[in-house]
Chemist: 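To start, I am sharing the structure in question, which I have written as structure tokens.
Note on naming: letters A, B, ... go to the chains in the order of the sequence lines (proteins, then strands), and numbering restarts at 1 for each one. As the structure is a computational prediction, the values presented were derived from the model and not from experiment.
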Amino acid sequence: MLSDDEIKHIEKLARIRLDNDAREKFKGQLSDIIEFVRTLQKVDTTGFESEARKRSFKPFLREGRAGGELERDKVLEQAPDTKNGFFKVPPVIDKD
Amino acid sequence: MNNSSYETVIGLEVHAQLLTETKIFCSCKPEYGADPNTRICPVCMGLPGALPVLNRESVTMAIMMGLALRCDIAAVSEFSRKNYFYPDCPKNYQISMYDKPLCKNGFVEIETDNGPRNIRIERIHLEDDAGKMSHETGKDSLVDFNRCGVPLIEIVSRPDIRTGLEAVKYLVRVQQILRYLGICDGNLEEGSMRCDVNISLRPAGSTELGTKTEIKNLNSFKAIEKGVEFEVERQRRVLEEGGSIEQVTNLWDADSGRLVMMRSKEEANDYRYFPEPDLLPLEVDGEWIDGVRDMIPELPLEKERRFREEYMLSNYDSGVLCAEKGIADYFEIVAESTGLAKKSANWVMREIMRALKNLGCAIETFPVEPEKLAGLIALVEDGIISGSAGQDVFAEMIKSGADPKEVVKKLGLEQISDSSELENMVDSIIAAHPEEGERYREGKKKLLGFFVGQVMRESRGKANPELARNILIKKLGS
């Protein structure tokens, strides 16, 4: 079972705030998911190669031809607040 | 930093913006100084449904740096997501390489007081840059996303550096190599090359690493040297007083010359790296690597060695000339056509570099072509013009870009090396100064200087002074 501190840490990472009821609810659900994966991890996979990202075909690479930029007015339309062509956000000092 | 009880251990992370035609995962054109938010698209903005497609050129450039720093190039590397929330990153994750970087295990050679030393490179990987924030104190922050998705390589050194000065030497080398390869303009102030420093101290002789602190925001070589010294001193004081070092990240504040704490270990990030599901693993075959190897020019260290051997230049001269590829190329053309390596080196290191500084221009756009400078050096060496006239001709060539011979003609600066012309001039000068002539013959030989001066004045500086001297000695008698 996840601890209260772990749930709070996950809240912080996801930038969400849960009330106590929700916290209890998600604590159960998330713990179930982790338990499920733990069960899967018990399967002996020695001798098997990971197929999560199997290379079945060569990745397509882009040759550099510039273009496709959006018009600034259209981009800024989506923003809650702007100033002189910039997106405006609440003051931040600490850089993550 | 000569305290013997502690050893300083420094590792550097360099971020270099690649000079690609387009961004790393989309077709936007990176352009420093463009109007804010005019170089962005759904991909670099992280809009829903947009998919990244890797730019081949960025991989080629990263391989180039890998080969230049003698790294192994991975046949398969992989992009991962590094998750964090910050307004400069609209996707809420950076696409970077985590456990499978493109280049591994290289080195950079630097000169130290104890001879050359290799600083090992742990890895070089590709990633996308974040946007740029401007902060107004107490007010809102402004975000420009143009820089989002500009390709970066991160070059991570092993903790092999011992002093701030060594850190700078390493960075100067890395910067030179990036510029020689033409893959990054290496401008610290504009941020196309950025540097984070990890510092720890350990008891001398110990092989274990102490707790490290990180300094970010170092945007000049001077700041790096000062920042490192500042932090080393701080850690030493803490340790000597019996305290322990806390793992923190500091920002260098250039204005006050101080470190400002940015975050402590408790606030350390939890990036939750996982493989980027929108990108397949990157495969690089031998053919690609060989092709890139052919694109690599002679690198600064090899060039310096060749200059010492081929042109018999000193360590110092070859270092100065090779610092910039354009200067080194310019010098070589001058030296080849004059056949006078040391003289050519002196002209390039003094006159050319001074002129470049005064004009604020790069060697590539300098008005005097190397062939023309070679012509000028030949005119001085052949005694056609005097050394000081050479300076005047050079000044005129910078202004007009004209051929040195034409300038000499235009300014009437040819030296008089015709002895009959000079003899006539000497005769009339001796006739005009009988008293001085008498005293000279009585033993006041210093007066020869007076006569040479008269000849130079009479000829308006154009007489070949050596020749004038000889004629005077002959004509004045003993």
Side-chain angles (χ1 to χ4, degrees), chain A residues 2-3 5-18 30 33-34 37 40-41 49-96, chain B residues 20-23 25-30 35-43 45 47 53-59 76 78 83-90 92 131 133-145 216-217 249 251 262-263 267 269-270 272 275 277 279-283:
Chain A
L2 287 169
S3 69
D5 281 347
E6 282 169 328
I7 284 288
K8 280 177 192 159
H9 181 60
I10 293 167
E11 280 180 47
K12 208 177 152 193
L13 289 176
R15 293 291 193 274
I16 54 173
R17 209 166 279 145
L18 300 175
L30 285 171
I33 293 169
I34 288 169
V37 174
L40 288 180
Q41 281 175 328
E49 238 185 275
S50 164
E51 294 203 9
R53 311 186 76 191
K54 196 172 168 104
R55 290 177 284 131
S56 48
F57 55 92
K58 283 224 162 192
F60 174 75
L61 294 182
R62 196 167 38 82
E63 304 297 337
R65 266 183 297 277
E69 287 93 343
L70 297 169
E71 277 187 40
R72 182 162 79 184
D73 292 348
K74 283 214 157 149
V75 176
L76 293 179
E77 244 172 41
Q78 312 283 327
D81 205 356
T82 65
K83 185 182 177 182
N84 303 333
F86 290 93
F87 289 85
K88 196 162 137 186
V89 298
V92 266
I93 336 129
D94 181 31
K95 159 104 187 164
D96 268 303
Chain B
T20 49
E21 193 61 33
T22 62
K23 291 186 178 179
F25 298 122
C26 63
S27 295
C28 292
K29 189 177 170 64
D35 280 345
N37 297 309
T38 55
R39 295 287 183 275
I40 52 180
C41 78
V43 174
M45 289 289 288
L47 298 186
V53 183
L54 181 59
N55 172 354
R56 177 183 293 275
E57 197 187 9
S58 64
V59 182
V76 181
E78 211 170 85
N83 298 278
Y84 70 95
F85 288 106
Y86 196 71
D88 66 1
C89 180
N92 293 337
M133 313 262 312
S134 34
H135 310 281
E136 301 168 61
T137 8
K139 285 191 189 157
D140 293 327
S141 296
L142 302 177
V143 197
D144 173 12
F145 288 130
K216 287 177 175 283
N217 207 29
T249 300
L251 283 182
M262 197 171 99
R263 63 168 173 259
E267 303 153 15
N269 288 294
D270 180 350
R272 292 148 292 143
L279 288 166
L280 285 162
L282 170 62
E283 288 182 55

Chemist: What verdict does the side-chain contact (heavy atoms from CB on, under 4.5 Å) test give for B:Leu47 and A:Gln78, after you've listed the backbone C-alpha separation in whole Å, the side-chain angles of each residue and the deciding distance to 0.1 Å?
Modeler: CA-CA 11 Å; B:Leu47 298 186; A:Gln78 312 283 327; over 6 Å; no

Chemist: Measuring heavy-atom distances to chain A, does B:Phe25 have an atom under 4.5 Å in its side chain, in its backbone, in both, or in neither?
Modeler: backbone

Chemist: Please confirm whether the backbone N or O of A:Leu61 pairs with a side-chain atom of B:Arg56, one donor and one acceptor, at under 3.5 Å?
Modeler: no

Chemist: How close do B:Asp140 and A:Pro90 get, heavy atom to heavy atom, and via which atoms?
Modeler: OD1-CA, 4.0 Å

Chemist: Where on A:Ala79 is there a heavy atom nearer than 4.5 Å to chain B: the side chain, the backbone, both, or neither?
Modeler: neither

Chemist: Between B:Arg39 (side chain) and A:Glu69 (backbone), is there a donor-acceptor pair under 3.5 Å?
Modeler: no

Chemist: Quick check on the interface: out of B:Thr38, B:Asn83, B:Ile40, who has the most heavy-atom pairs with chain A under 4.5 Å?
Modeler: B:Ile40

Chemist: Nearest 0.5 Å please: distance from the CG atom of B:Asp35 over to the CZ atom of A:Arg72.
Modeler: 5.5 Å

Chemist: Are A:Val75 and B:Met45 packed together at the side-chain level, in the sense that at least one heavy-atom pair is separated by less than 4.5 angstrom?
Modeler: yes

Chemist: Out of the candidates B:Leu142, B:Asp88, B:Asp144, B:Val143, only one should pair with A:Phe87 under the side-chain contact (heavy atoms from CB on, under 4.5 Å) rule; please name it.
Modeler: B:Val143

Chemist: Determine whether A:Arg15 and B:Asn92 make a side-chain contact, defined as any pair of heavy atoms from C-beta on separated by less than 4.5 Å.
Modeler: no

Chemist: Taking all non-hydrogen atoms of both residues into account, name the closest pair between B:Lys23 and A:Arg62 and its distance.
Modeler: O-NH2, 2.9 Å

Chemist: Can you tell me which of B:Cys41, B:Pro30, B:Cys89, B:Ser58 forms the most heavy-atom pairs within a distance under 4.5 Å of chain A?
Modeler: B:Cys41

Chemist: Nearest heavy-atom pair of A:Gly85 and B:Asn37: which atoms, and what distance?
Modeler: O-ND2, 2.7 Å

